[in-house]
Amino acid sequence: MFNQKRSKLVKNIPLMYLKTILTFIICFALSNTFDNQAFAQEYKIKTIVIDAGHGGKDGATHGVYSKEKDVALKTALNLGKALQDSIKDIRIVYTRETDIFIPLYERINIANNAKADLFISIHLNDMPVRVSRVVDYYKKVKGRSVPVYRSIVAKSTSTKGTETFVSGTRRLGEQDDVIKRENAAMFLEDNYQKNYEGFIANTPENDIMLSLMKQTNRDRSLKFASLLQQEYVAAGRINRGVQEKSLAVLARAAMPAVLTEIGFVSNPEEEDYMNSPEGQKEIVDGIIKAIKNYKRIAETSF
């Protein structure tokens with residue numbers, strides 16, 4: 001009887017998917033109701049989770065003399081300390097405080113379990129590798145001279161600026177170089193196929209689940225990301241914008257969440273800036289200003 005009454009819109013969707021879809025729609029509607037009630041009852045930002053990108057065995061990206069994982073950790077710790085000094089009664093949770101490997105899914109689990117009000121993942125950018133081939137030497141093959149090529153690997157040292165990402169819906173095969181690099185950490189995990197089954201698999205129910213989770217906090221994430229970029233620009237940095245991308249570390253966030261690239265470690269000038277005390281202070285001060293602006297808006301307008 002049910003099959004005969006199914007509309008044209010859903011007639012090609014298997015029944016098991018329909019049940020899944022209906023379940024998510026109901027949960028989404030309820031979560032929106034409770035979410036709006038919570039915001040109406042004097043919502044306060046009390047807990048912020050700071051995630052230092054990469055770490056441990058996930059730490060290949062580097063500049064001339066420093067590694068992304070080390071500068072990201074230094075920035076995260078400086079930010080946390082400055083936040084506690086700057087905002088009264090704020091709780092800071094770190095995903096890592098030393099050079100250790102933390103799986104991507106566990107980073108956002110830390111935030112979800114802490115009932116965080118904001119998640120900030122700190123990273124350093126790297127210009128995609130360019131590979132060119134040159135003739136290294138010639139060798140004789142059956143009386144003919146055959147060129148032997150050598151590959152030259154180089155990075156752009158002039159690309160610079162900041163950009164901030166929020167969770168998007170593009171699948172794994174549709175990602176650009178930056179996102180592939182940030183998601184690569186999942187493949188260092190022993191059980192990555194199980195840990196990221198819903199993120200990697202392109203199935204209707206997984207797409208719906210991830211879409212609903214993201215949509216709840218999309219506007220808030222975009223707002224905070226924009227405020228971050230504004231502060232970078234105010235400090236004279238190049239604005240590479242706010243983008244929505246399919247990032248594993250943000251996929252299951254139950255709060256507004258961003259991944260911010262504070263500069264290019266492949267650019268010697270920016271590498272020096274991000275490693276210097278002056279650069280660190282400017283970056284941290286800018287993030288704190290963005291957090292304060294977001295906190296003011298979130299607690300009065302949302």
Side-chain angles (χ1 to χ4, degrees), residues 47-81 83 91-116 118-129 153 155 163-168 172 175-201 210 213 245-255 257-266 271 274-275 280 283-284 287:
T47 301
I48 297 176
V49 172
I50 303 174
D51 172 47
H54 307 283
K57 62 183 179 181
D58 175 24
T61 301
H62 62 86
V64 175
Y65 60 86
S66 63
K67 294 182 177 180
E68 175 186 11
K69 65 175 184 176
D70 298 329
V71 181
L73 179 60
K74 177 166 65 173
T75 307
L77 296 177
N78 286 341
L79 174 61
K81 182 179 183 305
L83 269 172
R91 176 187 174 212
I92 302 299
V93 177
Y94 301 99
T95 57
R96 69 181 182 97
E97 297 181 68
T98 58
D99 183 22
I100 58 174
F101 175 72
I102 305 290
L104 295 179
Y105 76 91
E106 183 58 32
R107 294 170 188 261
I108 204 61
N109 280 350
I110 291 171
N112 288 338
N113 291 336
K115 300 188 186 310
L118 190 61
F119 177 86
I120 306 169
S121 187
I122 297 173
H123 290 249
L124 278 64
N125 224 330
D126 188 36
M127 191 60 190
V129 173
V153 178
K155 297 181 182 182
E163 56 190 338
T164 301
F165 300 101
V166 303
S167 188
L172 219 57
Q175 298 165 7
D176 56 29
D177 290 334
V178 175
I179 304 309
K180 285 178 181 177
R181 180 169 62 83
E182 299 300 358
N183 283 338
M186 74 171 73
F187 301 112
L188 297 176
E189 301 171 27
D190 294 335
N191 298 315
Y192 79 89
Q193 288 178 314
K194 179 180 178 181
N195 294 337
Y196 303 98
E197 181 180 4
F199 181 78
I200 296 173
L210 291 176
M213 292 179 73
K245 297 287 186 178
S246 186
L247 286 156
V249 73
L250 304 180
R252 287 176 171 79
M255 76 294 298
V258 303
L259 184 153
T260 186
E261 304 272 5
I262 62 173
F264 279 81
V265 73
S266 52
E271 182 181 17
M274 291 184 290
N275 277 279
Q280 276 288 304
I283 291 167
V284 166
I287 296 175

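Computed from a predicted structure; not experimentally measured.
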Over all atoms of both residues, closest heavy-atom pair of [X] and [Y]:
{"X": "Ala254", "Y": "Asn112", "value": "N-OD1, 3.0 Å"}
{"X": "Thr95", "Y": "Ala52", "value": "OG1-N, 3.7 Å"}
{"X": "Phe165", "Y": "Lys245", "value": "CD2-CG, 3.4 Å"}
{"X": "Arg107", "Y": "Phe119", "value": "O-CE1, 3.9 Å"}
{"X": "Ile50", "Y": "Ala76", "value": "CG2-CB, 3.6 Å"}

Q: Return yes when atom NZ of Lys74 has more than 12 non-hydrogen atoms of other residues, nucleotides or ligands closer than 6.0 Å, and no otherwise.
A: yes

Between [X] (side chain) and [Y] (backbone), is there a donor-acceptor pair under 3.5 Å?
{"X": "Gln280", "Y": "Asn275", "answer": "no"}
{"X": "Arg252", "Y": "Tyr105", "answer": "no"}
{"X": "Glu271", "Y": "Ser66", "answer": "yes"}

(Q) Taking the side chain as everything from C-beta on, heavy atoms only, tell me whether Asp126 gets closer than 4.5 Å to Leu124. (A) no

Q: Please report the C-alpha distance between Val265 and Val71 in whole Å, then the side-chain angles of each, then the deciding distance to 0.1 Å, and finally whether the side chain to side chain contact (heavy atoms under 4.5 Å, CB included) criterion is met.
A: CA-CA 9 Å; Val265 73; Val71 181; 5.6 Å; no

Q. Of Leu259, Val258, Leu250, which is the lone residue that meets side-chain contact (heavy atoms from CB on, under 4.5 Å) with Ser167?
A. Leu250

Roughly how far apart are [X] [atom1] and [Y] [atom2], rounded to 0.5 Å?
{"X": "Leu79", "Y": "Ile262", "atom1": "CG", "atom2": "CD1", "value": "10.0 Å"}
{"X": "Glu68", "Y": "His123", "atom1": "CD", "atom2": "NE2", "value": "6.5 Å"}
{"X": "His54", "Y": "Leu104", "atom1": "NE2", "atom2": "CG", "value": "8.5 Å"}
{"X": "Asn125", "Y": "Ser266", "atom1": "CG", "atom2": "OG", "value": "7.0 Å"}
{"X": "Ile283", "Y": "Asn78", "atom1": "CD1", "atom2": "CG", "value": "10.0 Å"}
{"X": "Ile100", "Y": "Leu73", "atom1": "CD1", "atom2": "CG", "value": "9.5 Å"}

Q. By side chain to side chain contact (heavy atoms under 4.5 Å, CB included), which residues pair with Ala116, not counting sequence neighbours?
A. Thr47, Val49, Ala111, Met255

Q) Given the rule in the side chain to side chain contact (heavy atoms under 4.5 Å, CB included) test, do Asp58 and Lys69 qualify, once you have shown the distances and angles that lead to the verdict? A) CA-CA 8 Å; Asp58 175 24; Lys69 65 175 184 176; over 6 Å; no

**Q.** Any residue meeting salt bridge (Lys or Arg N to Asp or Glu O under 4.0 Å) with Lys115, in chain and number order, not counting sequence neighbours
**A.** none

